[in-house]
Amino acid sequence: LLYQELAQVSSDLAQDFYNAHIMGDVSTKQQYQEQYFPQALAALKNHVDFLVNELEELSIGLETQVDQGLDGWRHPRLGLILRHNEYVKRTFDLVQSNLDNMSF
């Protein structure tokens with residue numbers, strides 16, 4: 001994620017960060033992580049927010065199918081999918097909460 005953010009700023013920065021990673025240069029990597037933490041955190045929050053929203057929309061669509069009685073013969077594993085999506089959403093809700101508590 002940090003590499004992607006650096007690449008948007010400068011390909012030289014991204015290459016330097018990549019080289020530090022490949023060479024095991026922990027100090028240089030740490031400097032980049034500290035300097036660009038706000039950007040990386042914002043990108044991660046946006047990604048998690050997107051996933052939570054997608055899961056909510058999928059659940060609404062699946063629940064609509066259940067309400068219309070379309071689940072039984074067309075989607076025999078719909079119950080399993082609904083439970084899985086709810087589990088994943090709860091996990092991302094926790095991640096989202098942790099990210100919201102982080103500051104830069």
Just so I know, are the side chains of R90 and L94 near enough to count as touching, which here means a heavy-atom distance under 4.5 Å?
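Not in contact.
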
In Å, rounded to the nearest 0.5 Å, how long is the span from [atom1] of [X] to [atom2] of [Y]?
X	Y	atom1	atom2	answer
I81	R83	CD1	CZ	10.0 Å
Q30	D25	CD	CG	11.0 Å
L55	H84	CG	NE2	9.0 Å

Do the side chains of [X] and [Y] join up, straight or via other hydrophobic residues, at under 4.5 Å, putting them in one cluster?
X	Y	value
L13	F37	no
L1	L6	no
Y87	L80	no
F92	L44	yes
M102	L51	yes

Using the side-chain hydrogen bond (donor to acceptor under 3.5 Å, both in side chains) definition, which of the options N101, T91, D49 pairs with Q96?
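Exactly one option meets the side-chain hydrogen bond (donor to acceptor under 3.5 Å, both in side chains) with Q96, and it is D49.
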
Full working for side chain to side chain contact (heavy atoms under 4.5 Å, CB included) between Y18 and Q15:
CA-CA 5 Å; Y18 174 79; Q15 187 62 48; 3.5 Å; yes

Residue pair K45, L41: steps toward the side chain to side chain contact (heavy atoms under 4.5 Å, CB included) verdict
CA-CA 6 Å; K45 282 183 178 184; L41 179 59; 4.0 Å; yes

Regarding Q31 and Q35, is there a side-chain donor-to-acceptor distance under 3.5 Å anywhere?
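Looking only at side-chain atoms, Q35 and Q31 do not form any donor-acceptor pair under 3.5 Å.
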
Between E54 and F50, is a side chain to side chain contact (heavy atoms under 4.5 Å, CB included) present by the stated rule, with each step listed?
CA-CA 6 Å; E54 284 291 306; F50 171 79; 3.6 Å; yes

Compute the centroid of each ring, for F17 and then for Y3, and state whether the two points are separated by less than 6.0 Å.
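F17 vs Y3: aromatic centres not under 6.0 Å.
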
Minimum heavy-atom separation for A40 and L2, please, with both atom names.
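Nearest heavy atoms, A40 then L2: CB-CD1, 4.5 Å.
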
Would you mind checking if D93 and K89 are paired as a salt bridge, meaning a charged N to carboxylate O distance below 4.0 Å?
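Looking at K89 and D93, the cut-off is met.
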
